[in-house]
Amino acid sequence: MALGRQLLAMLLLGASFPRSVLGQADVSGRVPAPEPVYLLIRSDDAGMTHSVNMALQRLMDTGLPVSVSVMFACPWYQETVEILKRHPAVAVGIHLTLNSEWKNYRWGPVTGREAVPTLVDADGYFFQSADALYRNHPDLREIEKELRAQIARALRSGVKIDYVDYHMGTATRYPEFREVTEREHGLGMSEYFGEKEDTPQYWAAPSLKADSLVAMVDRLQPGVNLVVTHVGLDDPELGALLDMNTDQPLPDMSKNRQGELDALTSQRFAGAVKARNVRLITYRELIAKHGLNAMRRPAE
């Protein structure tokens, strides 16, 4: 808890969201002040496993302003909801899920396999990759049905839902999928507010992830920046999971997720944020300031 209080004190200096952001014009004729540097920390895959949830709880307990994306199609999402209810300041997203990528640990549609047969494999689970799903020629009406069912489950959970994003990028990977995902649901969409994403720590070795985050902070540009994280505990549960994808699966997944947690909660990351006067914000703050009408489809 001492580390949590120290991190919070260091990171929240100057972290409030000001009245003028994203380069709004100053009509007074004065020379505008330099645009601040903002950073969104989005942590994905909440609800995937107990180990991921426990890592996210440690991250939230530091008081770090974070946006947590929940996989409401996964078995452990109810535990995530319980944790989030104890952390009401955390912005909550729906990690829209159309894939199930781990060998021997699979999940399927919220709607049930019979309701969306073109979205599942022969065993009734989501396909392991976006390409595998696409090759199955999924019915777009079934994609919409499933995504809306995940959103409905999230809204019924009792936590405030702020935005949506996309597990493995699948829900926006192909133009016809993106059009379905963009249909009106009354929530913000991650990556639709002009965020500049930089996620170097994902590919860095566990021992070098803090270095990669510090280097990222040093090169952040004025405006809204986004780092996407995947935290977890290096324990037997996560250690048993094997990625079935062949497009650069990350080895030693549990060690990499533990490394991301350690880097995000490190004194080095906190010090870099403070030294550059980076203002940490959440999607809840961003959306409250600009509104859903500010969303724009990101450049392809």
Side-chain angles (χ1 to χ4, degrees), residues 41-61 66-113 115-116 119-120 123-128 130 133 142-172 181 185-190 228-233 235-238 240-241 243 253-254 257 260-261 282-284:
I41 301 172
R42 194 186 93 197
S43 200
D44 290 358
D45 295 351
M48 187 181 89
T49 68
H50 176 66
S51 302
V52 168
N53 285 346
M54 292 299 97
L56 280 166
Q57 182 168 273
R58 291 187 190 180
L59 183 62
M60 294 181 219
D61 284 345
V66 293
S67 302
V68 171
S69 300
V70 185
M71 301 175 77
F72 283 91
C74 288
W76 284 92
Y77 87 88
Q78 290 173 308
E79 181 184 60
T80 312
V81 167
E82 293 176 0
I83 295 170
L84 288 169
K85 287 179 178 178
R86 299 194 295 269
H87 296 83
V90 171
V92 182
I94 305 168
H95 203 44
L96 295 172
T97 302
L98 295 170
N99 296 116
S100 177
E101 68 271 29
W102 305 107
K103 184 178 181 181
N104 300 325
Y105 175 56
R106 310 292 306 283
W107 51 78
V110 169
T111 52
R113 62 189 69 179
V116 288
L119 306 190
V120 298
D123 296 318
Y125 299 113
F126 285 135
F127 289 93
Q128 77 272 19
L133 170 62
E142 293 180 12
I143 291 178
E144 182 170 16
K145 179 187 292 185
E146 174 59 23
L147 296 184
R148 289 192 178 276
Q150 292 180 24
I151 292 170
R153 172 178 281 184
L155 295 175
R156 291 195 304 268
S157 70
V159 296
K160 176 177 170 52
I161 303 297
D162 300 292
Y163 66 97
V164 300
D165 60 19
Y166 334 98
H167 182 53
M168 299 173 62
T170 300
T172 57
T181 303
H185 42 60
L187 297 167
M189 296 181 68
S190 179
V228 178
T229 69
H230 301 80
V231 301
L233 302 182
D235 64 7
E237 183 189 33
L238 279 190
L241 299 187
D243 194 335
M253 183 268 291
S254 62
R257 291 191 180 229
E260 291 209 27
L261 174 64
T282 68
Y283 271 110
R284 182 174 299 166

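Numbering starts at 1 and runs along the sequence shown.
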Asp123/Arg113 under salt bridge (charged side-chain N to carboxylate O under 4.0 Å, His left out): CA gap, chis, key distance, verdict: CA-CA 9 Å; Asp123 296 318; Arg113 62 189 69 179; over 6 Å; no
Evaluation steps, side-chain contact (heavy atoms from CB on, under 4.5 Å), between Trp76 and Met71: CA-CA 9 Å; Trp76 284 92; Met71 301 175 77; over 6 Å; no
Full working for side-chain contact (heavy atoms from CB on, under 4.5 Å) between Glu79 and Gln57: CA-CA 11 Å; Glu79 181 184 60; Gln57 182 168 273; over 6 Å; no
side-chain contact (heavy atoms from CB on, under 4.5 Å) between Val231 and Arg58, intermediate numbers included: CA-CA 10 Å; Val231 301; Arg58 291 187 190 180; over 6 Å; no
Residues Tyr166, Thr172; criterion side-chain contact (heavy atoms from CB on, under 4.5 Å); working and verdict: CA-CA 7 Å; Tyr166 334 98; Thr172 57; 3.9 Å; yes
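When all heavy atoms are compared, the tightest approach of Leu119 to Phe127 is O-CD1, 3.5 Å. For the pair Ala91 and Asp162, the tightest heavy-atom approach, listed with the atom from each and the gap, is CA-OD2, 3.3 Å. Of all the heavy atoms in Ala171 and Leu96, the pair that sits closest is CB-CB, 4.5 Å. Closest of all the heavy-atom pairs between Gly47 and Cys74 is O-CB, 3.2 Å. Residues Ala55 and Leu261 share a closest heavy-atom pair of O-CD1, 3.5 Å. In plain terms, the two heavy atoms of Glu101 and Gln128 that are nearest each other are CB-O, 3.5 Å.
Atom CD1 of residue Ile143 and atom CZ of residue Arg148 lie 13.0 Å apart, to the nearest 0.5 angstrom. Separating the CD atom in Glu144 from the CD1 atom in Ile151 is a distance of 9.5 Å, to the nearest 0.5 Å. We find the CZ-CZ distance between Phe126 and Arg106 to be 10.5 Å, quoted to the nearest 0.5 Å. Rounding to the nearest 0.5 Å places CG of Leu84 at 8.0 Å from OG of Ser157. Between Ile161 atom CD1 and Arg156 atom CZ the span is 11.5 Å, to the nearest 0.5 Å. Taken from CD1 in Ile41 to OG in Ser67, the straight-line distance is 8.5 Å, to the nearest 0.5 Å.
Gln150 pairs with exactly one of Thr97, Val164, Thr111 by the side-chain contact (heavy atoms from CB on, under 4.5 Å) rule, that one being Thr97.
Counting heavy atoms from C-beta on, the side chains of Val70 and Val92 come closer than 4.5 Å. Pro109 has its side chain within reach of Val120: a pair of non-hydrogen atoms, C-beta onward, lies under 4.5 Å apart. For the pair Thr170/Leu133, a side-chain contact is recorded, criterion being any heavy-atom separation below 4.5 Å from C-beta on. Annotation: side chain of Ile94 is not in contact with side chain of Ser69 (no heavy-atom distance under 4.5 Å). Side-chain contact check for Val52 versus His50: every heavy-atom pair is 4.5 Å or farther apart. Counting heavy atoms from C-beta outward, Lys85 and Lys160 have side chains that stay 4.5 Å or more apart.
With sequence neighbours left out, the salt bridge (charged side-chain N to carboxylate O under 4.0 Å, His left out) criterion links Arg42 to Asp44, Asp165, Glu191. For Glu82, the salt bridge (charged side-chain N to carboxylate O under 4.0 Å, His left out) criterion is met by no residue, not counting sequence neighbours. Among residues two or more places apart in sequence or in another chain, the side chain to side chain donor-acceptor pair (under 3.5 Å) test is passed with Thr80 by Asn53.
Of the possible donor and acceptor atoms, none in the side chain of Arg257 sits under 3.5 Å from a partner among the backbone N and O of Leu233. Although no hydrogens or angles enter the test, the distance criterion places a donor-acceptor pair under 3.5 Å between the side chain of Trp107 and the main chain of Asn99. Within the 3.5 Å criterion, the main-chain N or O of Val110 finds a donor-acceptor partner in the side chain of Glu146. Of the possible donor and acceptor atoms, one in the side chain of Glu237 sits under 3.5 Å from a partner among the backbone N and O of Ser51. Distance alone, capped at 3.5 Å, places no donor-acceptor pair between the Tyr283 side chain and the Val66 backbone. Under a 3.5 Å cut-off, the side chain of Tyr105 and the backbone N or O of Met48 do form a donor-acceptor pair. Proximity of a side-chain donor or acceptor of Arg284 to a complementary backbone N or O of Val90 within less than 3.5 Å is detected.
Below 30°, between 30° and 60°, or above 60°: for His95 and His167 the angle between ring planes is above 60°, a perpendicular geometry.
A side-chain donor-acceptor contact under 3.5 Å links Thr229 and Ser43.
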